Amino acid sequence: MTLWEAVTGKEYNIRSIMTDDEELDQFLFSLGCYQGEPITVVSRKKRSCTIAVKDARYCIDDQLARAIEV
């Protein structure tokens, strides 16, 4: 399942990140989004969602949330 389909408030582990863009992969890695890392969807809006990774929260768009498999 992708992060976009995840239940709000439940913690998941990242299985993989499905992007073809190396810069985007590096950006996500710098945020702490990489395989095996726990991640939680804090809230979801129409075209974005707020996630919690480590001790930080980030707002990502729906396309990026669909690229993160949990």
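Source: prediction; values computed, not measured. No hydrogens, no waters, no symmetry mates; every other heavy atom, side chains included, goes into these values.
- Note: S48 OG to D62 CG = 8.0 Å, rounded to the nearest 0.5 Å.
- By the 4.5 Å heavy-atom criterion applied to side chains, R15 and Q35 are not counted as neighbours.
- One hydrophobic cluster, built from ILVMFWY side chains closer than 4.5 Å, holds both V41 and V7.
- Side chains of R57 and V42 form a contact here, defined as non-hydrogen atoms less than 4.5 Å apart.
- Formation of a donor-acceptor pair under 3.5 Å by the E5 side chain with backbone atoms of T2 is found in this model.
- L31 and Y12 fall within the same hydrophobic cluster, defined by Ile, Leu, Val, Met, Phe, Trp and Tyr side-chain heavy atoms under 4.5 Å apart, directly or through other members.
- Note on M18 and F27: separate hydrophobic clusters, where clusters join Ile, Leu, Val, Met, Phe, Trp and Tyr whose side-chain heavy atoms are under 4.5 Å apart, directly or indirectly.
- Contact annotation: the side chain of T40 never approaches that of T8 to less than 4.5 Å [non-hydrogen atoms, C-beta and beyond].
- By the neighbour-count criterion of 12 heavy atoms within 6.0 Å, atom CZ of R66 is densely surrounded, having more than that number from other residues, nucleotides or ligands.
- Checked against side-chain hydrogen bond (donor to acceptor under 3.5 Å, both in side chains), T50 has the following partners two or more places apart in sequence or in another chain: S43.
- Heavy-atom neighbours of D20 CG from other residues, nucleotides or ligands within 6.0 Å: at or below the threshold of 12.
- The line from OH of Y34 to CG of L28 is 12.5 Å long, rounded to the nearest 0.5 Å.
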_Derivation of the side chain to side chain contact (heavy atoms under 4.5 Å, CB included) call for E69 and I17_ = CA-CA 6 Å; E69 187 178 304; I17 298 176; over 6 Å; no
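- Between the side chains of D25 and T19, at least one donor N or O sits under 3.5 Å from an acceptor N or O.
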*Dump the intermediate steps for side chain to side chain contact (heavy atoms under 4.5 Å, CB included) on R44 and W4, then the final yes or no.*
CA-CA 8 Å; R44 185 175 291 115; W4 188 251; 3.9 Å; yes
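- Note that the CG atom of L3 and the CD1 atom of I51 stand 6.0 Å from one another [nearest 0.5 Å].
- Here L64 contributes atom CG and C33 contributes atom SG; the two are 7.5 Å apart, rounded to the nearest 0.5 Å.
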